[in-house]
Asker: 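Next up is a structure, given as structure tokens.
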2 protein chains.
Amino acid sequence: MFTHRAKYAIKALVHLARRVGQGPVHAQTIADDEQIPERFLELILVQLRIGGLVRSRAGRGGGHFLEGSPEDISLLSVIRAIDEQIDPLPCLSTTAYVRCRDCDDEATCTTRHLFIKIQEQQSALLSHVTLASVMPKPRMAATPAASPKLRTPTHPVLVNANSQHSPTT
Amino acid sequence: MFTHRAKYAIKALVHLARRVGQGPVHAQTIADDEQIPERFLELILVQLRIGGLVRSRAGRGGGHFLEGSPEDISLLSVIRAIDEQIDPLPCLSTTAYVRCRDCDDEATCTTRHLFIKIQEQQSALLSHVTLASVMPKPRMAATPAASPKLRTPTHPVLVNANSQHSPTT
DNA sequence: CTAAATCATATCATTTATATAGGAATAAAA
DNA sequence: TTTTATTCCTATATAAATGATATGATTTAG
Ligand code: FES
Ligand code: FES
């Protein structure tokens, strides 16, 4: 289960991704639009800046904007910036490593080996899903090379809303 | 990050998987061997029983033993039995559904769509890893049909201990 | 200088996770 | 039937993480 923090971060990033090239956006604006507690969001934005996902300008006329392009921002990078622990076990984290008191030898620990597989695949999964996957796809067929002039981005594509999936819990 | 609860559950299940056909195992024994707090483990074993993963016999000479075969017990089924929430968002859980206060319409929520993909793949991932994947593989080539007489199971196979993987946090 | 914004740090409140405790129920054996 | 060994039920305590708020300092355009 991801935390609210992570969810808010992603909502904020998607918000910014949709306004790329339109100058900095106020934290206040994001908070209002996305219905996130303002002060809480500010903390999150600072984390994202430190993590290198957004940049900001202080003072009047300031705000936040994306550092890279949407396709470079994966869910994994967000989680890392937010400093959320998603490693399956504490003994499998490099940044927050904690030894398992109930295991004598990591090298032969069956459980650990089991979770290494999980970790690898989960990591791969999260790194392949990027902000771009929820952005309207530029139809480059007809439009040859979108004019550099800033215009309101095309309206968001409605992703399929059914897709019967089986919830895990 | 999985909880200690889940880890203990898996350790206990692996313990039992290695003793299939050897009669019930005391919770005390598992606790000692796996270095899990005894009373805490008991609670977990009850959950596993209710979840249908193990059976138990009360009273003298009682204990716990696997209900199904190791290849039928996936990490997903364990998580479900333990009642751990691994759905990425509360709005994506059927058993513990909670509406997102910061989202007006689930059908068009971008974040939700993003996480549905994660959920689907994570669910698939967890359901494919079973207890059998950490059990010694029966080499059915040489040994034709292992004698029904109970013998000490073949010693655990040493899984590869290196496999440079990239921790997620 | 002033207004509008980010930035830094501390603190509080709530929930969740972890663990422990006491004893009831069950079943085998003496 | 009594004893003994075990699971089972319910409650409670302790610790940690999460979510949110508060206060004010800092930055920068006008
Ligand atoms: S060493 Fe971490 S689970 Fe065994
Ligand atoms: S409805 Fe749950 S994230 Fe938007």
Side-chain angles (χ1 to χ4, degrees), chain A residues 1-9 11-12 16 23-32 34-51 54-65 67 79 82-90 93 96 98 100-102 169, chain B residues 1-9 11-12 16 23-32 34-51 53-65 67 79 82-87 89-90 93 96 98 100-102 169:
Chain A
M1 183 92 92
F2 289 65
T3 60
H4 276 188
R5 239 191 161 74
K7 172 175 147 186
Y8 291 160
K11 289 184 80 171
L16 292 180
V25 183
H26 302 162
Q28 175 81 47
T29 305
I30 304 176
D32 289 349
E34 308 293 346
Q35 306 187 58
I36 302 169
E38 310 164 17
R39 308 292 254 180
F40 194 28
L41 176 62
E42 284 185 23
L43 299 182
I44 295 170
L45 285 169
V46 169
Q47 285 188 289
L48 292 178
R49 177 177 54 78
I50 295 174
V54 307
R55 291 181 60 186
S56 63
R57 258 176 39 203
R60 187 167 186 155
H64 305 263
F65 50 99
E67 172 72 22
I79 293 295
I82 290 300
D83 197 36
E84 195 153 302
Q85 295 304 329
I86 57 167
D87 300 285
L89 298 172
S93 172
V98 174
C100 291
R101 276 170 298 180
D102 54 320
T169 60
Chain B
M1 183 91 91
F2 289 63
T3 61
H4 276 188
R5 237 188 162 75
K7 172 175 145 185
Y8 292 160
K11 289 183 79 171
L16 292 181
V25 183
H26 303 161
Q28 174 83 45
T29 305
I30 303 176
D32 289 349
E34 307 292 346
Q35 306 186 58
I36 302 170
E38 310 163 18
R39 300 308 279 272
F40 194 29
L41 176 62
E42 283 184 23
L43 299 183
I44 295 169
L45 284 169
V46 169
Q47 284 188 291
L48 292 178
R49 177 177 53 77
I50 294 173
L53 299 188
V54 307
R55 292 182 59 185
S56 63
R57 257 176 39 202
R60 185 165 190 158
H64 304 263
F65 50 98
E67 171 72 21
I79 293 294
I82 290 301
D83 198 34
E84 195 151 303
Q85 294 304 329
I86 58 167
D87 300 286
L89 298 172
S93 172
V98 175
C100 290
R101 277 169 299 179
D102 55 320
T169 58

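In this text, all values refer to a predicted model and were calculated from it rather than measured experimentally. Residue numbers start from 1 in every chain, and the chains themselves are labelled A, B, ... in the order their sequence lines are given, proteins ahead of strands. Below, each value reflects all heavy atoms present in this structure, side chains not excepted, and no hydrogens, waters or symmetry copies.
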Asker: To the closest 0.5 Å, what do you measure between NE2 (B:H64) and CZ (B:R57)?
Answerer: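 Here the interatomic distance stands at 11.5 Å.
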Asker: For C:dA19 and B:Y8 - does any side-chain N or O of the residue sit under 4.0 Å from the phosphate oxygens OP1/OP2?
Answerer: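 Yes, such a contact exists.
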Asker: Could you tell me how far apart B:I36 (CD1) and C:dT18 (C1') are, to the nearest whole angstrom?
Answerer: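 Going from B:I36 (CD1) to C:dT18 (C1'), I get 13 Å.
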Asker: Hey, is the main chain of A:T3 close enough, under 3.5 Å, to the side chain of A:E84 for a donor-acceptor pair?
Answerer: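 Pair found, side chain donor or acceptor close to backbone of A:T3.
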Asker: Just the rounded figure in Å: distance from P of C:dT16 to CD1 of B:I86.
Answerer: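 Distance, rounded to whole Å: 17 Å.
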Asker: Measure across B:G61 and B:P24 and return the closest heavy-atom pair with its distance rounded to 0.1 Å.
Answerer: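 What the structure gives for the nearest pair is O-CG, 3.8 Å.
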Asker: Between C:dT6, C:dT20, D:dT7, which nucleotide has the shortest distance from any of its atoms to the side chain of A:H26?
Answerer: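 Output: C:dT6.
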Asker: Under a 3.5 Å distance rule, please check whether B:Q47 uses its side chain to pair with a backbone N or O of B:I82 as donor and acceptor.
Answerer: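 Such a contact is found between B:Q47 side chain and B:I82 backbone.
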Asker: Does the A:K11 side chain pair with the main chain of B:D102, one donor and one acceptor, at a distance under 3.5 Å?
Answerer: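 Looks like yes, one N/O pair under 3.5 Å.
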Asker: Touch check for B:F2, heavy atoms < 4.0 angstrom, all strands: base, sugar-phosphate only, or nothing?
Answerer: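 The residue B:F2 makes no contact with any strand.
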Asker: What is the distance from CG of B:L41 to C1' of C:dA19, rounded to the nearest Å?
Answerer: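 Whole-Å distance recorded here is 12 Å.
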Asker: What's the CZ-P distance between B:F40 and C:dA21, to the nearest Å?
Answerer: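 Rounded to whole Å, this separation is 14 Å.
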Asker: Return the polar atom pairs (N/O with N/O) between nucleotides 13-18 of chain D and the protein under 3.5 Å, or none.
Answerer:
none

Asker: State whether A:S56 places a side-chain N or O below 4.0 Å from either non-bridging phosphate oxygen (OP1 or OP2) of C:dA5.
Answerer: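 So the side-chain polar atoms of A:S56 never come under 4.0 Å of the phosphate oxygens OP1 or OP2 of C:dA5.
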Asker: Separation of B:E38 atom CD from C:dT18 atom C1', in whole Å?
Answerer: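 Taking atom C1' of C:dT18 as the reference, CD of B:E38 is at 16 Å.
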Asker: Can you sort out the partners of A:E67 under salt bridge (charged side-chain N to carboxylate O under 4.0 Å, His left out), two or more places apart, ordered by chain and number?
Answerer: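 Only A:R55 meet the salt bridge (charged side-chain N to carboxylate O under 4.0 Å, His left out) criterion with A:E67.
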Asker: Let me confirm one number: the CD1-CD distance from A:I30 to A:E42, rounded to the nearest 0.5 Å.
Answerer: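 Interatomic distance, A:I30 CD1 to A:E42 CD, rounded to 0.5 Å: 10.5 Å.
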Asker: Which distance, rounded to the nearest 0.5 Å, do you find between the CG of B:L41 and the CZ of B:R5?
Answerer: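 Between atom CG of B:L41 and atom CZ of B:R5 there are 10.5 Å.
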Asker: With a non-hydrogen cut-off below 4.0 angstrom, is B:L45 in contact with a base, only sugar-phosphate, or nothing?
Answerer: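 Nothing: the residue B:L45, judged by heavy atoms under 4.0 Å, touches no strand.
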Asker: Show, in sequence, the C-alpha distance, side-chain angles and deciding distance for A:S93 and B:M1, and conclude whether the side-chain contact (heavy atoms from CB on, under 4.5 Å) test is met.
Answerer: CA-CA 10 Å; A:S93 172; B:M1 183 91 91; 5.9 Å; no
Asker: Between D:dT10 atom P and B:L43 atom CG, what is the distance in whole Å?
Answerer: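 Those two atoms, CG and P, are 12 Å apart.
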Asker: Calculate the interatomic distance between A:R49 atom CZ and D:dT26 atom P; express it in whole Å.
Answerer: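 Whole-Å distance recorded here is 15 Å.
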Asker: In this structure, how many angstroms lie between the P atom of C:dC7 and the CD1 atom of A:I44, rounded?
Answerer: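 A:I44 atom CD1 is separated from C:dC7 atom P by 14 Å.
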Asker: For nucleotides 23-30 of chain C, give me one character per nucleotide, 5' to 3': B if any protein heavy atom sits under 4.0 Å from the base, S if the only such contacts are to the sugar-phosphate, - if neither.
Answerer: B--BBB--
